[in-house]
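A note on names: the letters A, B, ... follow the listed sequences, proteins ahead of strands, and every chain is numbered from 1. As the structure is a computational prediction, the values presented were derived from the model and not from experiment.
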2 protein chains.
Amino acid sequence: MNLILIEASEVDVQGNAVLTGARARHIHDVLGAKPGTSIRVGVVNSLRGRGLVQEVTDSRVVLHCEFTEAPPPAPRIALLLALPRPKVMRRLWAQLSAIGVGRIILTNAAKVERAYFDSHVLKPEVYRPYLIEGLQQAQDTAVPEVSIRKQLKVLIEDELDILFPYGGRLLADTSTWHRVRDLMFNDPNMRLLVAVGPEGGWTDYERDLFQRHGFKPVSMGPRTLRADTACVSILAMLNEAITAG
Amino acid sequence: MNLILIEASEVDVQGNAVLTGARARHIHDVLGAKPGTSIRVGVVNSLRGRGLVQEVTDSRVVLHCEFTEAPPPAPRIALLLALPRPKVMRRLWAQLSAIGVGRIILTNAAKVERAYFDSHVLKPEVYRPYLIEGLQQAQDTAVPEVSIRKQLKVLIEDELDILFPYGGRLLADTSTWHRVRDLMFNDPNMRLLVAVGPEGGWTDYERDLFQRHGFKPVSMGPRTLRADTACVSILAMLNEAITAG
C-alpha cells in the first residue's frame, strides 16, 4: 500500500479516523509507524493527504488526517471486457484500478460461459476490496465504475451511448493489422473505450455488431494472451499513446 | 492450451507420443477429442505441427504427430527484473512466456528482500511448468532462458555482456520523462534488454550503475504498479514499439 485509502464515513469532522483490520496491520507491521509518524492517506473518490499517527497497535490505528492534494488525473480509458474465467477476473480487478481505468463494463459473448456470471467475484463486496487494493498501489482514490451486462447486443445497441457517451471506440483484435501507434489522438482530452474479447475470440456476428457501432479494430500483437495479460497490455499501449506529447 | 507442448524425449521415431496427466485431461475434457481428432501440438524449443489422436481417455492420450511449422519469431526483448515477492513472481512466469521474452534475468537489489531467493518459485521444477503454460497459451515453443543472480553489481559489471551481448538497454523508471514512443528503433532486428525495478524503486547507486553500463531510462507512466503489472505493461509497450513498421 503506497497510500492508505479511507472511506469518507470513517473520518470525523476533526479529521480523525480509526482504522482496524488489514490497514492497521499494514501501518503497524509493514510501515513500522509510531505515534507521530506521517503516512500518505486518501479518501475514497476524493482528495489525498497525510495522516499523523496518534495511536498504533497491529489491530487499531488512530490517524489525524489532512486532505489537501488532488488525486491523479481521472483515467481517460474505459474497458469493455468479455467476462473471463472467475480465477482470471479475480486477478484482474486490482491491476485494472492500479493502471487506471475509469469504467469497467463486463459483458457476455458467444464464447463466454454463462456460469461465470454467477461467480462471487462479480459481487461488489468481493471486487471492491480488490479495486481499493489497486488504488492503494497506484496512489489513486477514484474507484472505477463497474457495470455487468449479460446481453452484449442490448449493451451495444441500447446502453452504450449512455454508459460511454463521448470518445473513441476500439476493438482489440489479434487478427487485425491496425496498430495502436497508427491511431490518431489529436484531442488531448480524448476518451477511449476499448473492447477486449474472450480467449476464444469474438464471433463474426459480434465483430460486425461492434463495427456497426463505431468500434475500430486495433491490434494487440500476434500472440493469443490470457484475458488478464491482454487487458494490461492493451491498456498500457493505449495509455502511452494518448498521453499528451 | 491453444497448443499442446510435448518434450522431444516424449516423441518416438515414428512420431508417436503418449501423454498423461494434465495434458491428457485437457485433450479429453476440454478439447473433447476423439480418435481421429487433429490437435495443434509443438515440441519444446522446436517445431509446431498437428497431432492425430489415436487413443484417448482422461488419463492417457496417444498422438501421431507431424511437426512441419516453425514457431513464431524469437522474442527480441529480454527482461532484467528485481526479484518480486514470490506470490507475484509465481503469477508472472506464465505471462512472460505468453507475451514472449527471450531471456529472464532475476536479480537482487537494495529493496529486494534476500529471503525471496529461497522461495521454491525459483526452482526450475516449479517455474518451468508455468513457462510451458504461457507458451501453450501463446502457441509458442521457445522456453525463455532463466538466470538468477544475487549480486546486482557483479551481474551488471561482469556478466551482462555475456548474457546479453548485443542490443539496446533500457531502465524502466516512473521518475523519468523519456517515453517509449520517442525511442528510435531503426534496426528491424533490434534486440532490447529492459530492467524493471523493485516496487520500492532502484536506489541512486543502482540507477547510476545501470546508466554507466548503457541503460537508458524510459518511462512506464506515472503510476506505481505491482511488479507483474509493470512487467506486462512495459513489455507490451516495447513490443509494439519495435514491431517492424
A:I234 versus chain B, the contacting section by heavy-atom distance below 4.5 Å: neither

B:D204, CG: over 12 other non-hydrogen atoms inside 6.0 angstrom: no

Residue pair A:Q95, B:D228: steps toward the side-chain contact (heavy atoms from CB on, under 4.5 Å) verdict: CA-CA 9 Å; A:Q95 297 194 84; B:D228 52 345; 4.0 Å; yes

Euclidean distance, A:L225 CG relative to B:N2 CG, rounded to 0.5 Å: 10.0 Å

Residues, nucleotides or ligands: over 12 heavy atoms within 6.0 Å of B:E7 CD: yes

Residue, of A:G100, A:A230, A:G134, A:S219, that accumulates the most heavy atom pairs under 4.5 Å with chain B: A:G100

Main-chain N/O of B:Q139 paired to A:R223 side chain as donor or acceptor, under 3.5 Å: no

Whether over 12 other heavy atoms sit under 6.0 Å from A:Q211 CD: yes

B:T224 OG1 to A:L3 CG distance, which is reported to the nearest 0.5 Å: 10.5 Å

Nearest heavy atoms of B:S233 and A:V232, plus distance in Å: OG-CG1, 3.6 Å

A:E133 and B:R226: CA distance, side-chain angles, deciding distance, side-chain contact (heavy atoms from CB on, under 4.5 Å) verdict: CA-CA 11 Å; A:E133 178 191 326; B:R226 216 171 55 197; 3.7 Å; yes

A:D118 atom CG: more than 12 heavy-atom contacts under 6.0 Å: yes

Steps toward side-chain contact (heavy atoms from CB on, under 4.5 Å) verdict (A:M220, B:E240): CA-CA 8 Å; A:M220 302 199 289; B:E240 144 85 16; over 6 Å; no

Segment of A:N239 engaging chain B (4.5 angstrom heavy-atom cut-off): neither

